J.: 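Input: one structure, supplied below.
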There are 2 protein chains.
Amino acid sequence: MTSPPGDNQDDRRDGGVAFLLAQLGAHAAAAFAERVRPLGLTPPQAGVLRRLGEVPGQSQRGLADALGMHAPRLVALIDELEDRGLVVRDRDIDDRRNYAISLTDEGRGTLAELARVAREHELAIVAALDDDDRSQLLVLLRRLAEEQGLTPGVHPGFRRMGRPG
Amino acid sequence: MTSPPGDNQDDRRDGGVAFLLAQLGAHAAAAFAERVRPLGLTPPQAGVLRRLGEVPGQSQRGLADALGMHAPRLVALIDELEDRGLVVRDRDIDDRRNYAISLTDEGRGTLAELARVAREHELAIVAALDDDDRSQLLVLLRRLAEEQGLTPGVHPGFRRMGRPG
DNA sequence: GAGAACGATTACAACTTGTAATTGTTACTG
DNA sequence: CAGTAACAATTACAAGTTGTAATCGTTCTC
């Protein structure tokens, strides 16, 4: 027994770490969706843009794998981003089956705004903690994520997110 | 730029607290759904049972409010739980509009299994941490949840969860 | 009593996601 | 140098879930 009778509410569902993570995670995801809505983006689209900023010229298959989503889903996302002029599809000269997806100048601008929004979002979420506590929390969460085998930057919920306003 | 020096990657999307919370939260929710599936329950149904264990004889409206879900959604959940003999609908004698929902003996048995599963789930999630770190994490997460105005025990994602196997 | 308010229910519509089949291109192989 | 297999991208389709609006019975109030 790790928890004495007095404070064994540690593993109770409404007070345990697991439930709090699920609760806070859903809240953080919803809040982020709210923040990127004014940019006309959904969280999955934001993930696509960010990934393209890191690794330009990827194929759609590569993007889909990196983001953990299915190919048909990605097609629709790219379609919308391309229609709005944020990304372009260029044929890969070596292998014309592949499309090389890249950011346009406008896409880079949106990505910059996205970075700003993400920064604000982060600050809003950790507003209750001072710098020391934030570092502490970051260390603990990263340890959990690693133990659970989660890939950095890949959000399991990229598959289901609401539309922009 | 790849990874600038120092620790300003704290607010980068793939490493910040906000993203880690969303990532871990989605993972924890999915893992919990997986664990309750053998019991033939979805997470929302598990929430209903747990709530009924705490406050028996509630009306459906009371339950819906307490769990943060819409009435029509709750009707379907109760229907299934009642068909399986886990809960019963009794008319409120004072106000016959209300149905008083209670657990059956079998429902109490399922609730006990549910508690066991939840305990295992909690331990699996925090497996990477020792007791001190768990307490520390719990304190930090509770502070975040309070700051964000989250109601203890109410999961924002109770509205969308998969079916049992 | 007559009408407004409320709980529960049903029916409906919108949305999102996963699977399967299609097309065009490249690599392998006899 | 065919001809087949494999792969990227796309399209079409089907399934499941969720939120809104209308319906029915009951209760409170004037």
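Heavy-atom basis, side chains included; hydrogens, waters and symmetry copies ignored. From a predicted model like this one, the values you see are computed outputs, not experimental measurements.
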J.: Under the side-chain contact (heavy atoms from CB on, under 4.5 Å) test, which residues partner Val126(A), sequence neighbours left out?
T.: Glu122(A), Arg134(A), Val17(B)
J.: If I take atom CD in residue Glu80(B) and atom C1' in nucleotide dT17(D), what distance separates them, rounded to the nearest angstrom?
T.: 13 Å
J.: Which residues satisfy the side-chain hydrogen bond (donor to acceptor under 3.5 Å, both in side chains) test with Glu113(B), sequence neighbours excluded?
T.: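 In terms of side-chain hydrogen bond (donor to acceptor under 3.5 Å, both in side chains), with neighbours along the sequence ignored, Glu113(B) is linked to no residue.
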J.: Could you list the residues that satisfy side-chain hydrogen bond (donor to acceptor under 3.5 Å, both in side chains) with Asp95(A), not counting sequence neighbours?
T.: Arg97(A)
J.: Under the side-chain contact (heavy atoms from CB on, under 4.5 Å) rule, collect the residues that match up with Glu147(A), sequence neighbours excluded.
T.: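 With neighbours one apart ignored, the set is Ala127(B), Ala128(B).
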J.: How many Å lie between CZ on Arg73(A) and C1' on dT10(D), as a whole number?
T.: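 After rounding, the gap between these two atoms is 16 Å.
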J.: In whole Å, I'd like the distance from the CZ atom of Arg91(A) to the P atom of dT23(C).
T.: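 From Arg91(A) CZ to dT23(C) P: 17 Å.
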J.: Among all residues two or more places apart in sequence or in another chain, which pass the side-chain hydrogen bond (donor to acceptor under 3.5 Å, both in side chains) test with Asp79(B)?
T.: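 Checked Asp79(B) against side-chain hydrogen bond (donor to acceptor under 3.5 Å, both in side chains); matches are Arg89(B).
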J.: Using whole Å, report how far CD of Gln58(B) lies from C1' of dA8(C).
T.: 16 Å
J.: Going by the rule side-chain hydrogen bond (donor to acceptor under 3.5 Å, both in side chains), which residues pair with Asp133(A) if we only count those two or more places apart in sequence or in a different chain?
T.: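 If we apply the side-chain hydrogen bond (donor to acceptor under 3.5 Å, both in side chains) test to Asp133(A), skipping adjacent residues, the hits are Arg143(B).
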J.: List the protein contact pattern of nucleotides 25-30 of chain D with one symbol per nucleotide (5' to 3'): B for base contact, S for sugar-phosphate-only contact, - for none; contact means a heavy-atom distance under 4.0 Å.
T.: BBS---
J.: Nearest whole Å is fine: how far is dC7(D) C1' from Leu63(A) CG?
T.: 17 Å
J.: Could you list the protein-to-nucleotides 9-13 of chain C atom pairs, N/O on both sides, closer than 3.5 Å?
T.:
residue, atom, partner, partner atom, Å
dT9(C), OP1, Arg89(B), NH1, 2.8
dT9(C), OP2, Gln60(B), OE1, 2.9
dT9(C), OP2, Gln60(B), NE2, 2.5
dT9(C), OP2, Arg89(B), NH1, 3.1

J.: Using whole Å, report how far CE of Met69(B) lies from P of dA8(C).
T.: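 Checked: the CE to P distance equals 14 Å.
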J.: Would you mind reporting whether Ile101(B) and Val88(B) have side-chain heavy atoms less than 4.5 Å apart?
T.: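 Heavy-atom side-chain distance check fails, nothing below 4.5 Å.
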J.: Do Leu81(B) and Leu41(B) have side chains that approach each other closer than 4.5 Å (heavy atoms only, starting at C-beta)?
T.: yes
J.: Quick one: salt bridge (Lys or Arg N to Asp or Glu O under 4.0 Å) partners of Glu106(B), sequence neighbours excluded?
T.: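 Per chain and number, Glu106(B) pairs via salt bridge (Lys or Arg N to Asp or Glu O under 4.0 Å) with no residue.
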J.: Quickly work out the Leu74(A) CG to dA9(D) P distance and round it to whole Å.
T.: 8 Å
J.: Between atom NE2 in His70(A) and atom C1' in dA20(C), what is the gap in whole Å?
T.: 13 Å
